[in-house]
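Only one structure is covered here, and it is reproduced in the block below.
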Amino acid sequence: MARDFLQNAAYFNTMPKVVWEYVANSLDAAKDGIIVVIAIEITNHEIRISDNSCGMSREELGKFFQMHGENILRKQGKKVRGRFGTGKCAAFGLANSFRIDTIQAGSRNIVELHREDIERAQNGEPFSVRDIEVNQSTHEDDGTIVIIRELNIKRPNVNKVISYLERHLSRYRTRARVAVNGHVCKFEEPPFIKQFKRFPPIEIAKLIGNVSLNVKVSPVPLDDDTRGIDILSYGIWHETTLAGIERKENANHIFGQIDVPILEDGEWPIPAFDNTRNNTLNRQNPIVVVLLGWLSKELEEIRSDFVRQVREERQSELQAKLVKETEKISDILNQDFAQQEIELELAQRVSKRFGNRSVNEILNGEGELLPDSDDVQTPRESDEHTALGNVSSSGSTARRRNKQVGKKRTVRGGGNRLKAVFSIEFEHFTAGQNRSRYDGNTKTIFINLDHPQIANAFETGGNTTSSRQFREICYEVAAVEYAIALPYEKLEKDELYHAEDALFDVRDTIDRVTKSFVQVLGN
């Protein structure tokens, strides 16, 4: 039993999976007609999950740690996510101590389980669960607190936990309020430009039921947690899939859901589910095979139509004009970025020469070495020192103090042609979304043509990309997005770059780049 317990715990190998397991338990145990409230506190030392659900009695708590036992709530006739009773071991996927503090009908019970207790029972005997309180009388409301301690990870990534919970909560039918370290989880559905509802043909409906497939197409690519069709059964999520078209062009724009009750109701020699937490249906089950085959056919048809539409738009005259405009913007941004890289490299070389101190620690207000430096400059060092220009490894603080040095900018590179880094793309991202976004992996700035400010500039300018109004707003948007992205690039390349100087860098970059844009806009 102990070995089985720890083997199942290995499935819960990330903090988001562990936290979600106990959040889902709280949702399953919700009281009828009451909104579930779940508070999660995550520190470097423990995870604490509290709820206002039904709690557990002493008898229910005793059954909680039985491996592969039937889910208590499912046995009571409720449609819940848990099936095989493996979730209670989740904490030991990344921790060594687990406590449950639960109240039901005025009685409090607290138990603890430790990894050392489990490991001592490796020969097959039951492992011991420590009783801390047994049926203690209390006036507190029903609910459960799960405390996971002695974490085996260095630093919890709270943002990943929040993203994971928000995505999974969007699939859950139970009304709930879930907060992580004070942040209330709220999932926002991706914007979509097309929506479809498909029903299976008669011969397939006989097998999987007369279900409804709801598919939406996003104007932008979706990440792994958002793309795909959620397969549910009575509102319980079991898998998200693109049914075999994952690697095809623009498949990552597709999302939606389908609810298939027969997955819960049906009985087959080969079950539709397995006893792991891999969030996939059993491909050996005949109904699952039929379901996925039909999904694949429908999704491929929708994807193919979308690909044809996108290709036609790309070939349009308007798109061609937009491409020319993006090239003009990109050229200016890349010229500026190349200069920033050169100056940052020189700043790093000088700073390294002086013991990795920031530049404003070794220069005075006139850009000269401070008198307490023990190093003696060579003529070449002096040249490189002057070449720092108006950017230093300590950010804008040194730049503001060294205005005279900033006028003597030296560009190095040995005549090598610098490759383009930043690129601009226009997209239809719906009116409710941000006017622009930045993809740090590809260094692409996306400008949302549907944003009211940009759409209005396009209309006011006679619905043409060559109008002054339209070009000015697009150039301004690109300048702001680039200015915000630049400090992140510096921070990755220079460990001495101070985050507090980012605001000054943003202001200076916008000023510098927009001056360059004026020359192009006049053409």
Side-chain angles (χ1 to χ4, degrees), residues 325-348 358-360 363 365-367 386-413 418 420-426 434-440 443-448 451 453-454 457 467-494 496-523:
E325 210 62 56
T326 63
E327 291 173 351
K328 294 177 183 178
I329 301 174
S330 299
D331 285 344
I332 294 175
L333 297 186
N334 286 312
Q335 288 172 16
D336 183 86
F337 185 68
Q339 182 64 34
Q340 300 308 306
E341 284 198 307
I342 292 170
E343 292 174 341
L344 181 59
E345 180 183 354
L346 291 174
Q348 288 174 321
S358 61
V359 174
N360 61 329
L363 302 183
E366 286 69 45
T386 303
L388 286 173
N390 60 0
V391 175
S392 71
S393 62
S394 63
S396 298
T397 302
R399 181 169 63 247
R400 295 194 302 275
R401 294 171 56 189
N402 300 325
K403 293 182 180 178
Q404 293 181 349
V405 179
K407 296 178 181 178
K408 300 179 181 179
R409 181 177 300 171
T410 301
V411 179
R412 297 178 183 269
L418 292 167
V421 178
F422 287 87
S423 61
I424 311 293
E425 287 191 21
F426 289 92
N434 294 337
R435 68 175 190 170
S436 61
R437 63 186 179 92
Y438 175 66
D439 185 340
K443 292 185 173 60
T444 303
I445 295 171
F446 294 89
I447 299 177
N448 181 10
H451 187 275
Q453 185 186 26
I454 297 174
S467 71
R468 181 84 180 193
Q469 297 96 319
F470 177 77
R471 296 180 71 207
E472 280 185 344
I473 188 60
C474 291
Y475 278 54
E476 187 267 335
V477 169
V480 171
E481 203 70 49
Y482 169 72
I484 295 173
L486 192 56
Y488 287 98
E489 299 296 330
K490 289 184 180 180
L491 196 58
E492 288 184 358
K493 298 180 180 181
D494 185 4
L496 294 179
Y497 182 71
H498 291 255
E500 59 265 24
D501 285 328
L503 287 176
F504 294 100
D505 277 338
V506 168
R507 181 196 63 189
D508 291 353
T509 299
I510 292 175
D511 181 71
R512 185 177 65 250
V513 171
T514 50
K515 287 177 181 177
S516 300
F517 280 162
V518 169
Q519 300 176 5
V520 177
L521 285 167
N523 297 331

**Prompt:** Looking only at heavy atoms, what is the nearest atom pair of Ala457 and Ser467, with distance?
**Reply:**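 What the structure gives for the nearest pair is O-OG, 4.2 Å.
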**Request:** Identify the two heavy atoms, one from Leu486 and one from Thr509, that lie closest to each other, and give their separation to 0.1 Å.
**Result:** CD2-OG1, 3.6 Å
State the [atom1]-[atom2] distance between [X] and [Y], to the nearest 0.5 angstrom.
| X | Y | atom1 | atom2 | answer |
| --- | --- | --- | --- | --- |
| Ile332 | Ser516 | CD1 | OG | 6.0 Å |
| Phe504 | Asp508 | CZ | CG | 9.0 Å |
| Ile454 | Phe470 | CD1 | CZ | 7.0 Å |
| Cys474 | Gln469 | SG | CD | 11.5 Å |
| Phe422 | Thr326 | CZ | OG1 | 15.0 Å |
| Asp505 | Ile510 | CG | CD1 | 11.0 Å |

Kindly indicate whether the side chain of [X], heavy atoms from C-beta on, has any atom under 4.5 Å from the side chain of [Y].
| X | Y | value |
| --- | --- | --- |
| Asn448 | Ser436 | no |
| Asn434 | His451 | no |
| Lys443 | Glu489 | yes |
| Arg437 | Glu481 | no |

**Message:** Using salt bridge (Lys or Arg N to Asp or Glu O under 4.0 Å), reason through Lys515 and Asp511 one step at a time and then give a plain yes or no.
**Reply:** CA-CA 6 Å; Lys515 287 177 181 177; Asp511 181 71; 3.2 Å; yes
**Asked** Under 6.0 Å between ring centres, would you say that holds for Tyr438 and Phe446?
**Response**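 Not close enough - the centres of the two rings lie 6.0 Å or further apart.
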**Item:** Partner residues of Asp439 under the salt bridge (charged side-chain N to carboxylate O under 4.0 Å, His left out) criterion, sequence neighbours left out
**Value:** none
**Message:** Please identify which of these residues, Ile445, Asn334, Thr444, Leu333, meets the side chain to side chain contact (heavy atoms under 4.5 Å, CB included) condition with Ser423.
**Reply:** Thr444
**Any pair counted as salt bridge (Lys or Arg N to Asp or Glu O under 4.0 Å), so long as it reaches residues 330-339, sequence neighbours left out** = Asp336-Arg512
**Request:** Taking only Lys NZ, Arg NE, NH1 and NH2, and the carboxylate oxygens of Asp or Glu, determine whether Arg435 and Glu476 approach each other closer than 4.0 Å.
**Result:**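 Judged by the 4.0 Å cut-off on N to carboxylate O distance, Arg435 and Glu476 do form a salt bridge.
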**Request:** Please list, chain by chain and in numerical order, all residues satisfying side chain to side chain donor-acceptor pair (under 3.5 Å) with Glu325, sequence neighbours excluded.
**Result:** Arg471, Tyr475
